[in-house]
Amino acid sequence: MKWKMLLSASSLSQHFRSLLRSCSVTSSLHPGKQLHAAATVSGLLSFPNYFLLNALLHLYASCSSLPYAHYLFDQIPQSHKDTVDYTTFIKCLSRQGYPQKALNLFAEMRQRGLSIDGVSMVCVLNACARLGDVKVGEQCHAGVVKIGLLKCVRVCNALMDMYVKCGGLVGEVKKVFDEMEDPSVVSWTVVLEGVVKWEGVENGRVLFDRMPERNEVAWTVMLVGYVGNGLTKEAFMLLQQMVFSCGFGLNYVTLSSVLSACAQSGDVSMGRWVHGYGLKMMGWDMDVMVGTSLVDMYAKCGRIDAALAVFNNTSRRNVVTWNAILGGLAMHGKGKAVVDMFPCMVEEVKPDAMTFMALLSACSHSGLVEKGLQFFKELESVYGIRPEIEHYGCMVDLLGRAGQLEEAEAVVRKMPIPPNEFVLGSLIGSCYTHGKLQLGERIMTELVHMDPLNTEYHILLSNMYVLSGKVDEANSFRQILKKRGIKKVPGMSSIYVDGKLHQFSAGDKSHSQTAEIYIMLNDMIRRLRFSGYVPNTSSQVLFGCSGRDDCTEEALEEVEQVLFSHSEKLALSFGLISTVSGSPLYIFKNLRICQDCHSAMKIASDIYNREIVVRDRYRFHSFKQGSCSCSDYW
DNA sequence: GGCTCCCGTT
């Protein structure tokens with residue numbers, strides 16, 4: 001009788017495990033939880049059943065439910081945890097954003113003398129890839145060789161992926177690949193990603209065409225490569241081939257990957273196509289990641305109204321979606337909208353650390369000092385979020401921009417984490433804006449220790465010396481910069497016209513329409529001057545003129561010429577001659593827009609009757625009828 | 001007996 005009961009219990013357990021497996025495969029958390037409850041009630045879990053526990057652990061890991069997975073992992077007695085249990089939880093930690101914890105757990109597993117198999121090695125290599133830790137990755141490589149796992153295709157794939165993600169050691173990737181007896185389509189795809197990322201999209205295409213077989217991932221990698229490099233036409237051609245000739249459907253991972261690339265490169269035409277595709281296939285009930293990527297894409301492409309429309313129509317929203325829209329509004333200087341929307345967010349989802357970055361930067365960009373201080377206070381006391389260095393950075397920025405330099409410095413001195421170069425960099429920026437030379441000098445000393453090769457801060461301080469009449473100090477600074485050979489990151493501006501990205505550097509003459517662009521530029525400067533534009537040479541005197549130390553009239557003229565051929569103005573001139581009159585222009589700049597270009601854009605938006613949207617490294621400026629959305633508050 | 005690789009939102 002007892003034997004019969006045991007037998008039925010064992011078959012019941014098998015039944016449960018097979019049901020749990022199907023929940024894991026489909027990431028069905030709710031039915032899985034019900035099974036968990038049923039297993040508990042039936043008494044199956046009241047005596048040790050390690051396979052069932054592992055199936056439950058796997059369920060929660062597959063459903064990205066870290067707290068439950070952690071609970072299950074702890075439920076398994078230490079003496080009975082085997083390689084499979086560890087592997088399941090290591091993968092879960094790595095995927096949920098804790099790759100370091102995953103590696104720590106692997107170390108624990110090894111200390112306990114448990115064997116390493118191909119599967120656990122794949123998971124550990126994956127954690128190294130996510131962490132970007134090539135050192136541990138190389139140790140694993142040695143382990144792979146030692147255990148004889150090089151014949152295992154998936155291990156090799158994970159190994160190559162680790163080298164791709166950890167700084168692009170494409171040589172290592174190819175070495176592993178060449179030794180493989182029978183590389184799979186995944187192996188080829190990993191190499192493809194490495195080549196696209198580190199050897200350029202053209203080289204990637206050569207490899208793509210040579211691949212014996214291509215899956216949707218390979219197509220996605222290639223697409224993202226094109227979009228990320230501004231090659232919209234090529235991307236559309238590839239997409240057409242993928243969907244219409246080869247019959248691939250686009251899944252949600254492909255859609256969000258492509259959208260993320262669109263957001264980065266500012267390619268709204270491809271972004272819109274993906275939006276249309278998503279609507280046709282899924283309607284508004286689309287995947288939460290796709291919806292979020294859409295919101296982010298529209299916001300980062302300067303279409304904040306479209307971002308809001310998508311946000312309001314999406315039926316699935318999580319904290320990331322909210323963060324995307326609040327961050328987008330913040331970048332567009334719509335601080336009040338952010339403050340007004342926050343209470344609605346709290347009703348719907350729990351805000352996280354990232355939310356407060358968006359909130360504080362919104363206050364910072366809109367000069368809402370009181371509101372920002374209040375948010376910062378509530379961050380810990382109401383929402384239980386421990387402030388991170390980025391939050392302190394936002395506070396320093398908020399107070400500094402508003403001219404409250406003493407308060408900003410007090411934040412730096414009192415913060416429990418040592419300030420990094422971004423925090424101090426923001427402070428020195430505010431010192432420049434508000435002419436606080438002495439504080440600037442002090443901060444500079446600290447910054448030089450932290451980041452001796454940074455040019456931006458050196459230039460800022462040197463400019464401050466000039467503005468306060470200390471030309472000698474400025475000159476000595478310039479000498480230091482010259483001696484050390486510190487080079488400025490070149491400013492680049494780009495603009496999409498007819499699905500093609502056109503890039504300009506300062507004084508660029510490489511564009512095929514250079515002659516027309518410069519004719520337009522000269523005409524524009526003339527009209528700008530006529531409307532009251534005065535070149536702002538004050539901050540350029542120092543580093544603009546190619547190493548001249550004098551400030552004669554000719555030097556000044558030279559400085560003006562440098563100003564006029566700033567990359568933003570070239571992109572604007574090109575945009576004006578190559579688009580329909582009255583249509584808005586969207587320009588992307590890799591650094592902060594300069595003061596002079598900012599004034600020029602304001603007037604240009606009026607005299608040419610165009611909306612000009614400029615995305616710089618930090619935020620958006622929308623110029624319309626002579627004024628800017630930032631209200632000149634940077 | 002189970003745990004696995006490539007593209008994935010702020």
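Chain letters run A, B, ... following the sequence lines, proteins first and then strands; every chain starts at 1. Keep in mind the model is a prediction, meaning the values are calculated, not measured.
With ring centers used as reference points, A/F311 lies 6.0 Å or more from A/Y298. Between A/Y226 and A/F236, the ring center distance fails the sub-6.0 Å criterion.
The side chain of A/V119 lies closest to B/dT4 when the candidates are B/dC6, B/dT9, B/dT4. Among B/dC6, B/dG8, B/dT10, the nucleotide with an atom closest to any side-chain atom of A/V320 is B/dT10. Listed nucleotides B/dC7, B/dG2, B/dT10 differ in distance to A/N323; the shortest reach to its side chain belongs to B/dT10. The side chain of A/K91 lies closest to B/dC5 when the candidates are B/dG2, B/dC5, B/dT10. Of the candidate nucleotides B/dG8, B/dC3, B/dC5, B/dG8 has the atom lying nearest to any side-chain atom of A/R95. Of the candidate nucleotides B/dC7, B/dT9, B/dC6, B/dC7 has the atom nearest to the side chain of A/S257. Between B/dC5, B/dT9, B/dC6, one nucleotide has an atom nearer to the side chain of A/M289 than all others, and that is B/dT9. Comparing B/dC3, B/dG8, B/dT10 by their nearest atom to the side chain of A/T88 picks out B/dC3. Which of B/dT9, B/dC5, B/dC6 sits closest to the side chain of A/N215 comes down to B/dC6. Relative to the side chain of A/V186, the nucleotides B/dC3, B/dC6, B/dT9 differ in distance, and B/dC6 lies closest.
Among the atoms of the strands shown, only primed sugar atoms or phosphate atoms (P, OP1, OP2) are found under 4.0 Å from some heavy atom of A/D296. A/K165 comes within 4.0 angstrom of sugar-phosphate atoms only, judged by non-hydrogen atoms across all strands, and of no base. Within 4.0 Å of A/D352, counting heavy atoms only, lies no atom of the nucleic acid at all. Contacts of A/Y252 with the nucleic acid, taken as non-hydrogen atoms under 4.0 Å apart, include base atoms. If you check every strand for non-hydrogen atoms under 4.0 Å, A/D287 touches nothing. A/S293 comes within 4.0 angstrom of the backbone, heavy atoms only, and of no base. Using a 4.0 Å heavy-atom criterion, one finds that A/T254 contacts the bases of the nucleic acid, with or without backbone contacts as well. At a threshold of 4.0 angstrom between heavy atoms, the contacts of A/V224 with the nucleic acid are absent.
Contact check, A/N126 against B/dC6: a side-chain N or O comes under 4.0 Å of OP1 or OP2. Between A/H58 and B/dT4, a side-chain N or O to OP1/OP2 separation shorter than 4.0 Å is present.
For a distance-only test at 3.5 Å, the side chain of A/S256 fails to qualify as a donor-acceptor partner of the base of B/dT9. Judged by distance alone, with hydrogens and angles left aside, A/N251 brings no side-chain donor or acceptor close enough to the base of B/dG8 to form a pair under 3.5 Å.
Distance NE2 (A/H80) to C1' (B/dC3): 18 Å, rounded to an integer number of Å. Across the protein-nucleic acid pair, A/K151 atom NZ and B/dT4 atom P stand 20 Å apart, rounded to whole Å. Between A/W322 atom CH2 and B/dT9 atom C1' there is a gap of 16 Å when expressed in whole angstrom units. Separating the CZ atom of A/R130 from the C1' atom of B/dC5 is a distance of 11 Å, rounded to the nearest angstrom. The nearest whole Å value for the distance from the CG atom in A/L294 to the P atom in B/dG8 is 16 Å. The separation between A/R316 atom CZ and B/dT10 atom C1' is 19 Å, rounded to whole Å. If you measure from atom CG of A/L259 to atom C1' of B/dC7, you get 13 Å, rounded to the nearest angstrom. Atom CD1 in A/I76 sits about 13 Å away from atom P in B/dC3, given to the nearest Å.
Of the options A/V153, A/L159, A/V155, a side chain to side chain contact (heavy atoms under 4.5 Å, CB included) to A/N157 is made by A/V153 and by none of the others. Of the candidates A/D296, A/T321, A/L294, A/L294 is the only one forming a side chain to side chain contact (heavy atoms under 4.5 Å, CB included) with A/V310.
At a threshold of 4.0 Å, the pair A/E202-A/R205 does not count as salt-bridged, since none of the basic side-chain nitrogens sits closer than that to a carboxylate oxygen.
Remark: A/Q96 CD is packed, more than 12 non-hydrogen atoms of other residues, nucleotides or ligands lying under 6.0 Å away.
Remark: A/H80 NE2 to A/D85 CG distance equals 10.5 Å, nearest 0.5 Å.
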